[in-house]
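What follows is one structure encoded as structure tokens, with my remarks underneath.
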Amino acid sequence: MTDLAKAGLLLELDHENTVATITLNRPERRNAQSPTMWKGLEDLGRELPETVRIVVLKGAGPSFSAGIDLRLFTPEGMPGEPAVLSAGVGPEELVEKIGEYQEGFRWLRDPRFTTIAAVHGHAIGAAFQLALSCDIRIAAEDVQFCMKEPALGLVPDLTGTKPLVDIVGLPRALELCLTARVIDADEARELRLVERVVKADELDDAVEELVNALLRIEVGAARATKELLQKAPGNTLEEQCLAERRAQVGRLLRNS
């Protein structure tokens with residue numbers, strides 16, 4: 001298990017171990033992200049108690065996260081972190097390494113959990129992609145989303161491109177990425193990138209209200225429904241109807 005403090009992460013569990021709150025906890029760097037943080041997120045996804053149903057992801061301080069720590073791309077590097085480009089590392093090794101980084105984001109889609117991003121302040125690049133990895137996003141009025149990678153000569157590579165296109169469509173996703181412009185709370189709500197916008201001092205209460213509503217649904221039904229809904233975009237109507245039938249039979253037999 002990664003040292004969470006070293007990774008810039010904080011984990012809190014409610015008294016019943018049903019709700020896990022993960023805080024990006026490097027406020028002095030606006031919660032800038034690093035490979036160690038991504039490894040810590042991956043480990044949390046694997047090690048959370050089986051009783052956890054809801055995962056809330058938030059940031060300490062004035063921002064959700066300013067994205068990747070740009071010191072990783074400098075000759076001096078980031079203390080305690082491996083260089084992004086090391087001498088002698090070939091393309092296939094880099095592909096594998098990025099795949100490892102993506103695991104810190106992929107587990108948030110797991111049907112075991114309903115995941116919520118509580119987003120305020122900056123949500124730039126990797127942070128935008130982290131929020132997009134969650135099932136539901138609640139944003140404060142001061143939120144600023146930006147897919148910054150193309151402006152840095154890079155591409156978004158932390159699992160964010162599919163949900164972005166799924167939510168806003170290809171033309172808008174192209175425009176947002178290839179201009180790397182900032183999206184404020186009102187536009188984010190209009191584009192359905194967030195489900196709700198609240199005042200900054202109401203963000204915690206809004207998240208708690210949502211968590212309480214989610215917990216009222218029986219755990220097996222919640223997990224089966226998330227898994228079913230995840231299949232819908234890639235299925236034909238006939239395929240999805242079959243998936244519904246199979247999921248319902250599973251529930252009926254389990255409850256009989």
Enumerate, atom names and distances included, each donor-acceptor pair closer than 3.5 Å involving a side-chain atom of residues 155-167, sequence neighbours excluded.
{"from": "T159", "atom 1": "OG1", "to": "R109", "atom 2": "NH1", "distance (Å)": "2.8"}
{"from": "T159", "atom 1": "OG1", "to": "R109", "atom 2": "NH2", "distance (Å)": "3.3"}
{"from": "T159", "atom 1": "OG1", "to": "S133", "atom 2": "OG", "distance (Å)": "3.3"}
{"from": "K162", "atom 1": "NZ", "to": "D166", "atom 2": "OD2", "distance (Å)": "3.3"}

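Formation of a donor-acceptor pair under 3.5 Å by the K226 side chain with backbone atoms of D110 is found in this model. Without hydrogens or angle criteria, E103 side chain to D43 main chain gives no donor-acceptor distance under 3.5 Å. Between the side chain of H120 and the backbone N or O of K199 there is no donor-acceptor pair closer than 3.5 Å. Distance alone, capped at 3.5 Å, places no donor-acceptor pair between the T51 side chain and the T18 backbone. Judged by distance alone, the side chain of R137 and the main-chain N or O of L193 form a donor-acceptor pair under 3.5 Å. Using modelled atom types, one side-chain atom of N31 and one backbone atom of F64 make a donor-acceptor pair closer than 3.5 Å. Formation of a donor-acceptor pair under 3.5 Å by the N25 side chain with backbone atoms of A5 is not found in this model.
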Salt bridge (charged side-chain N to carboxylate O under 4.0 Å, His left out) for R71 and D69? Distances and angles first, verdict last. CA-CA 5 Å; R71 292 178 296 174; D69 195 314; 2.9 Å; yes
Is there a side-chain contact (heavy atoms from CB on, under 4.5 Å) between L176 and I183? Walk through the geometry before answering. CA-CA 8 Å; L176 294 177; I183 307 158; 3.7 Å; yes
Carefully, step by step, assess Q33 and S65 under the rule side chain to side chain donor-acceptor pair (under 3.5 Å). CA-CA 7 Å; Q33 299 177 27; S65 170; 3.1 Å; yes
For salt bridge (charged side-chain N to carboxylate O under 4.0 Å, His left out), just list the numbers for R106 and E42, CA-CA rounded to whole Å, side-chain angles, deciding distance to a tenth of an Å, and then say yes or no. CA-CA 8 Å; R106 286 171 61 95; E42 177 191 355; over 6 Å; no
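The OG1 atom of T36 lies 3.0 Å from the CD atom of E81; values are rounded to the nearest 0.5 Å. Rounding to the nearest 0.5 Å places CG of D184 at 8.5 Å from CZ of R181. For the atom pair CD1 (I22) and CG (L13), the distance works out to 9.0 Å, reported to the nearest 0.5 Å. Atom-to-atom distance recorded for W38:CH2 and Q102:CD is 10.0 Å, nearest 0.5 angstrom. To the nearest 0.5 angstrom, L48 atom CG is 9.5 Å from N17 atom CG. In this structure, the separation between CD on E202 and CZ on R196 is 8.0 Å, given to the nearest 0.5 Å.
In I217, the CD1 atom is not crowded: 12 or fewer heavy atoms of neighbouring residues, nucleotides or ligands sit closer than 6.0 Å. Enclosure of atom CD in E175 by more than 12 non-hydrogen atoms of other residues, nucleotides or ligands within 6.0 angstrom is indicated. No more than 12 heavy atoms of other residues, nucleotides or ligands shown are found within 6.0 angstrom of CD on E92.
Residues R223 and E227 are not in side-chain contact: their nearest non-hydrogen atoms beyond the backbone lie 4.5 Å or more apart. Taking the side chain as every heavy atom from C-beta outward, R245 and Q248 never approach each other to under 4.5 Å. You'll find the side chain of L9 reaches within 4.5 Å of the side chain of L41, heavy atoms only. Counting only heavy atoms from C-beta outward, the side chains of L44 and L4 approach each other to under 4.5 Å. Counting heavy atoms from C-beta outward, R189 and D186 have side chains that approach closer than 4.5 Å. Between T114 and R53, the closest side-chain pair of non-hydrogen atoms is not below 4.5 Å. Within the 4.5 Å cutoff, the side chain of E93 has no heavy atoms near those of the E96 side chain.
Applying the ring pair (Phe, Tyr, Trp, His ring centres under 6.0 Å) definition to pairs two or more places apart or across chains, those involving residues 141-163 are F128-F145.
Contact record, P27 with A60: CB-O, 3.8 Å, taken as the closest heavy-atom pair. The shortest non-hydrogen separation linking L72 to S34 is CD1-CA, 4.2 Å. Across all non-hydrogen atoms, the minimal contact from C134 to T115 is CA-OG1, 3.3 Å. The two residues A180 and A151 come nearest to each other via the heavy atoms CB-CB, 3.8 Å. Nearest heavy-atom pair, S63 versus R30, reported as atom, atom and distance to 0.1 Å: OG-NH1, 2.9 Å. In terms of heavy-atom proximity, E218 sits nearest to A221 at OE1-N, 2.8 Å.
Under the rule for a side-chain hydrogen bond (donor to acceptor under 3.5 Å, both in side chains), the partners of E149 that lie at least two apart in sequence or sit in another chain are Q129. K97 meets the side-chain hydrogen bond (donor to acceptor under 3.5 Å, both in side chains) test with E100; sequence neighbours excluded. For R246, the side-chain hydrogen bond (donor to acceptor under 3.5 Å, both in side chains) test picks out no residue, with sequence neighbours left out.
Using the six-membered ring where Trp is involved, W107 and F113 have ring planes that are perpendicular, over 60° apart on the 30 and 60° scheme.
Connection of L11 to V55 is established within a shared hydrophobic cluster, with ILVMFWY side chains joined at heavy-atom distances below 4.5 Å, either directly or through further cluster members. Linking Ile, Leu, Val, Met, Phe, Trp and Tyr whenever their side-chain heavy atoms come within less than 4.5 Å puts L191 and L130 in one cluster. In the hydrophobic clustering of ILVMFWY residues, with side-chain heavy atoms under 4.5 Å counting as a link, L242 and L237 come out apart. F73 and M147 fall within a single hydrophobic cluster, where Ile, Leu, Val, Met, Phe, Trp and Tyr are joined by side-chain heavy atoms under 4.5 Å apart, directly or via other members. Connection of L24 to V194 is established within a shared hydrophobic cluster, with ILVMFWY side chains joined at heavy-atom distances below 4.5 Å, either directly or through further cluster members.
Taking a 4.5 Å side-chain heavy-atom cut-off between Ile, Leu, Val, Met, Phe, Trp and Tyr, the cluster of V211 extends to V19, I54, V56, I116, I136, I138, V198, L203, V207, L210, L214, L215.
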